[in-house]
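Shown next, in C-alpha cells, is the structure this report addresses.
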Amino acid sequence: MKSAVVVFPASNCDRDAAVALERMTGNKPHMVWHADSAVPDVDLIVLPGGFAYGDYLRCGAMASQSRVMRDVKAKAEKGVAVLGICNGFQVLTETHMLPGALIRNAGLKFVCRPVGLEVTETQSAFTRKYDHGQRVVFPVAHGEGNYFADEETLDRLEGEGRVVFRYAPGDNPNGSIRNIAGILNEKRNVLGLMPHPERVVDPLLGGTDGRALFESLIEALP
Amino acid sequence: MKARVFVTLKNGVLDPQGKAIGHALQGLGFDGVGEVRQGKVIDLELAERDAAKARACLTEMCEKLLANTIIEKYEIELKG
Amino acid sequence: MKARVFVTLKNGVLDPQGKAIGHALQGLGFDGVGEVRQGKVIDLELAERDAAKARACLTEMCEKLLANTIIEKYEIELKG
Amino acid sequence: MITPQIVREHGLSEEEYARIKSLLGREPNLVELGVFSVMWSEHCSYKSTRAHLKKLPTKGPRVLHGPGENAGVVDIGDGDAVIFKMESHNHPSFIEPYQGAATGVGGIMRDVFTMGARPVAMMNSLRFGEPSHPKTRHLVSGVVSGIGGYGNCMGVPTVGGEVNFHRSYNGNILVNALCVGLARSDRIFLSAAKGAGNPVVYVGSKTGRDGIHGATMASAEFNEDSEEKRPTVQVGDPFTEKLLLEACLELMATDAIVAIQDMGAAGLTSSSSEMADKGGAGIVIDLDKVPQRETGMTAYDMMLSESQERMLAVLKPGREAEAERIFRKWELDFAVIGVTTDSHRLIVKHKGETVADIPVGALSEAAPIYERPFVKREPARGAPSFDASRPVMESLLKIIGAPDMCSRRWVWEQYDNTVMADTAQRPGGDAAVVRVHGTGKGIAVTTDVSPRYCKADPFEGAKQAVAEAWRNLTVVGATPLAVTDCLNFGNPEKPEIMGEIVASIEGIAEACRALAFPVVSGNCSLYNETQGEGILPTPTIGAVGLLKNVHRMATIAFKREGDAILLIGKPRGHLGQSVYLREVEGKEEGACPPVDLAAEKKHGDFVRELIEAGRIDTVHDVSDGGLLVAAAEMALAGGMGTALSDGDIPSFFGEDQACYLIAAPRAEAERIVAGAKAAGITASLIGTTGGDKIAVKGCGEIALERLRTAHETWFPSTMTGEL
Ligand SMILES: Nc1ncnc2c1ncn2[C@@H]1O[C@H](COP(=O)(O)OP(=O)(O)O)[C@@H](O)[C@H]1O
Ligand SMILES: [Mg+2]
C-alpha cells in the first residue's frame, strides 16, 4: 500500500502518522507539503493531527483552503482513500468532504486521555478487520472535537452505516452528538475521526488497538 | 475602508462557550441573565473604497473562509 | 433587553489570530486587505429593562468576567 | 537628559549609574541606559547569585555543555545528546496567567531548539496560593490552559510536573517550565558569534512594543501615540513558534550558521550583546531593517521589546539567500539586520544615526556582582507531638484527597501528553519517560522540590529536592544524568532571604556532588514578594535520566495479584514537616527529614540495578505522605488493593528519605531481600498485592474505590465553573 501524509503549517502528528504507516505497511509514506499542487499517486492520503495554522479562526478552516486540498478532493472523488485524524477530521469537515462540524468541547477544555470507543461499522476499508461492536481504546487529544450536525444529516449518517466509531457510553470526552467519534463520506472512502489510531500501534505506548485500522487498509487497498 | 464582520453560531447550534459564560455570570451573582451566545468579530482594513464592491468582497471572504456556513451566520458592517 | 458586548484586543497587543487570518485572505487572492484583528462578540439577554442600569450591569460583567482588561477592551451595545 | 528619576525607573542604583558612566566615559543616552538596565538586571546578570552559583558542580563525563549556554547538553551515547533547561515565568503569569504561562513555555522551548534540539518533552512546576484565596482558581485555570495552549500547538508532549498550594504564594505564584530536547551531539549550535564580517539575521515574528520594561514613563516621551497606556503583557503565538522551530531545524541541517540565539528577556539587546560577547566579537545592528509590527517604534522600543517568537542568527557570509529561502517557505520574517565586527562594541543605528555604542564587555563581565550580606537562619528542629490515637485509615483518606496530594488528572488531561508517539510513561508516576525517537533508549524527566522542607531548613531541604529528583528517575529505571534548577526566592537584599539562597545553593551542590548529578543549566527568580512577604524558598530541581532499554521500565502501578511488597530502606518515622502533620494535625512544625546522601546512592543504585536486570517492574519511592500513601498510590494506579503489615502513625506517614516500595512475585522478592542483606541494605517484606481494598493489619481497611473517589475529586470539584 502506498500512502502520503499531508503536512500543513503546524501539523504536528505528521511524523507520528508517517511512523505508524511505515511500521504497519513497511513503506515510507510520501510527505506532501500543503503548498504543493498535487499528491503523488497513492492508495491512501492521511491528513494528520495538529494545529494547522494554529487552529486560528476555526480548526481546519485555513488548511481547507490549502492548494493541495484541491487535489486531495479530486483524488477522493476518484476513489482514493483519505483518512483525517483529529485536525485532519476538522480539515475534512471544513472542506465539506465530510458533513457536519467539529466545535469546541462541551467541557471547554482541551482533553487528552485514552477513551473507549465502539466500532459501529465494519463495512469499510478502514474497519473491516475489527469486529462489529468491538470495544477499543484510542487516545484523544483535542480542544474542538465536539461533533455537530443537524438531525437530518445525523439520521442519514446512521441510516447509511456511516458512523464508524462512537465513544463508548459514558466515555464521551467532548459532548459529540450521538457519541459520534468518526464518520465516513457517502462513497465510504473518506474517514474522519477525532481519536488517534496512530498513537496505538506500538505496545510501549499503551496499546495496539489502532493496528487493525491500518491492517484493514492494507487488506482493502492492495 | 474599515469593515467589521460578525460571525455567530446559527440558532440551534450548541454554544458551549456561551453557556459557560451564562453560568459564570450567574455564579457571580448577575441575576436576570438569559441566553448568552458567543461569536467572533473580525475587523478588517480594506483598500477598496467603493462600498458595494467592498461588501461583495467581504461576502466572498465570509463564504470562503471567515464563516463556516454549516454552523455559522455572518453580518457585514462597513465603517466608512 | 438584548445586549451585545464586543471584546477586542487593545492596540499594540499582538493578535496572532488576526495576523493569520489576514495572511490567509491574501493567500486566497483578496488583495488590499490591511490589518485584520479578531475579537469576541457576546450576545446576552437581560431581564433588566432600564438602559442605564443594564449598561452599568454590563460594564461590571465586562470588568469581572467578559473581558480580560489587561489586554482587552470592550464596547457595550444595547439593542432595546 | 538622564535624570536620577529616569535612572531609578530603570531599576539602577546610583552606584550602578556611576559605573555605567565610567565604563562609557560619558553619560549614556536613553537607549543605552535601557540596554544597561536590562543587561544589568537581576534576571540577566545574576548579580546577587553569580558568586554563589559557582559552588554548583557543573562537570561530568557526560556533560557536553554546562551553564552558560542557552541550555545544558548531556551526551546519551550513540551520538545522541539531550538538551534541557527550566525557566521561571512567575511574574507575567501572575499578571496574566494564560499568556504568562504560554509565553513561558514558548521561551524555554526556544532556549532548547536554538541549540539544535527538537523539543521532545515539557514539564511544569507550579505553586499557587491557598485554594480558598479569591485569585487562586483563576490563576490555576489560566496557567494550566496557557501551558496547554502553547505546548499542545507545538506538538511537544507535556508529560508531568508539580502543583502545590500554599498561602505564601498568594501574591506570587510560581510557574517554572522545563523543556527537554534531543539533538545529535555533533550538531549542537552555540551562541558565540565568532569572526568579523558575518551577516546577522533576524528571523521569526515582527517586533512590537511587547513587554517593554517598567520604564514606560521614560520611553513615553518618544512615543508618537502615548495616549493609550500600553499593556506590557506579551502574547504568545505558538503557531509562529512551531514554524520557527521547523525552519530553524531545517536551517540547522545545513552548515550556514555560525551562531544562533533566541530573543528572550531583553530581546534584541541581550541576544546581540551576548552573542558578540561570547564570540569575542562586535556587532553592528541597523534597526531600520528590523521587521516591525507597529509604526513609529523608537530605537528604545525595539532594543527593549520582548516580542516573542524571534531569533537572531549569525551566518557564514554568502549564505543569506539559502537561509532566507527556508524562512520564507515557512512564511516567517527574515531580515539581515547587521554584521559582526572586530570592534568588541555593540553599535546600534537607527534612521542613519548611531543610537547606542557600548563596549560589549560592559554589559557582561563588567556587570555588577554583589556579595549581598546574608544570615543563615537556625534550621527548625525537633519532632513535633501528635495524637497517637487517631485512626490511620481515616488519615490516609484525608491525605490522599488533600489539595497537595490528590490526583492532578484535571491538570495533565489538558496537556497533550502522547503527541510525538514516544511517551512511554505518562503523567501520574514518579517520572515521565519518552523514548529517544527511533531507538530503544528512553529519557526520564522529573521536577521536584518540597518548599516546606526548604523553609524549615534551606540547606537540608535543597538536598532533599535533589535527592527526590534523583530517586524519581531511579524508580522508573533511569540512570540520573544531570540537573537543571530554577531558584525561586524572595528579595535577596534581605539578609535572611539571601541566607536561604546561599544555603539552598550549597545544599544542591552537596547533593549533586554526592550523587554525581551535575547541574547543567538553571535560572534564578528573585524578588518573589508581595508587601514584604516572601514565598517559601523554592529551589525547583528538574532532572533528566537515561534508560538504556526503555522496555525495562518500572512504573508505580501494582501489576499482579499476590506480589510481595518490599520496603527498601529503614524509616525512622520522621513526622517533622510532614504532610501528615499539616493535613491531619494542622501543624507545620519540626525538622525536615535529614538526607543521608550515601544511603540514597546505595539504595537507589540497588533498586535501579534490579529494574535494569528485568527483575522488577513495580517501584515507587516514599516521599510526600509517607509509606502508606505511597502504597495507596501504587494500588490506585494499578487498580489493585493490598494487605499491609502493622505499624504506627510515624511508620505509616513519616517522610523518611532513601526509601522505596517494590512489588514483585514472592520468590523474586525473597531473593531481593537476601541480595539486599548481602549489600548491607535493609529490606523488609511488608505486605501483598491483591483485592479491592487497602487493608492494614490492626488498623482496618478501606475500599480502593472510596480512596479513588477522594483522590480524584478535589481538583475537578474545586475548579468547576472557573472560566
Ligand atoms: N503541573 C503538572 N503537569 C503535569 N503533570 C503533573 C503536574 N503536576 C503533577 N503532575 C504529575 O502528577 C504526578 C504526581 O506528582 P508528584 O506528587 O509531584 O510526584 P512525586 O511525588 O513523585 O514527585 C506526577 O506524575 C506528576 O508528573
Ligand atoms: Mg516520587
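Throughout, a chain's letter reflects where its sequence line sits, starting with A, and its residues are numbered from 1.
- Among the candidates D/Glu331, D/His437, D/Gln425, the residue making the largest number of heavy-atom pairs closer than 4.5 Å to chain A is D/His437.
- Rounding to the nearest 0.5 angstrom, the gap separating the CZ atom in D/Arg426 from the SG atom in A/Cys112 is 7.0 Å.
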With side-chain contact (heavy atoms from CB on, under 4.5 Å) as the criterion, how do A/Arg113 and D/Trp412 come out once you've worked through the C-alpha distance, each side chain's angles and the decisive distance to 0.1 Å? CA-CA 9 Å; A/Arg113 64 174 174 88; D/Trp412 77 61; over 6 Å; no

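- With a 4.5 Å cut-off on side-chain heavy atoms, A/Pro9 and D/Phe239 count as touching.
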CA sep, side-chain torsions, deciding dist, call: D/Arg435, A/Leu204, side-chain contact (heavy atoms from CB on, under 4.5 Å): CA-CA 9 Å; D/Arg435 173 173 52 193; A/Leu204 181 70; 3.7 Å; yes

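- Residue D/Asp416 holds its CG atom at 8.0 Å from SG of A/Cys86, rounded to the nearest 0.5 Å.
- Residues of residues 53-75 of chain A that come within less than 4.5 angstrom of chain D, heavy atom to heavy atom, are A/Tyr53, A/Gly54, A/Tyr56 in numerical order.
- Within a 6.0 Å sphere centred on NZ of A/Lys2, other residues, nucleotides and ligands contribute 12 heavy atoms or fewer.
- Proximity to chain D (any heavy atom under 4.5 Å) is restricted, for A/Leu108, to the side chain, taken from C-beta onward.
- Separation of atoms OG1 (D/Thr418) and CG (A/Leu205) is listed at 8.5 Å; rounding is to 0.5 Å.
- For chain A, the nearby parts of D/Val550 are the backbone and the side chain; heavy atoms of each come within less than 4.5 Å.
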Evaluation steps, side-chain contact (heavy atoms from CB on, under 4.5 Å), between A/Asn12 and D/Met154: CA-CA 7 Å; A/Asn12 64 30; D/Met154 288 298 289; over 6 Å; no

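- For chain A, no part of D/Glu241 is nearby; none of its heavy atoms comes within less than 4.5 Å.
- Contacts of A/Pro114 with chain D are made by side-chain atoms alone, with heavy-atom separations under 4.5 Å and no backbone atom involved.
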Run the numbers on A/Arg15 and D/Asp422 for side-chain contact (heavy atoms from CB on, under 4.5 Å), then give the verdict. CA-CA 11 Å; A/Arg15 190 188 77 179; D/Asp422 280 313; 3.2 Å; yes

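- The distance from the CH2 atom of D/Trp410 to the NZ atom of A/Lys109 is 4.5 Å, given to the nearest 0.5 Å.
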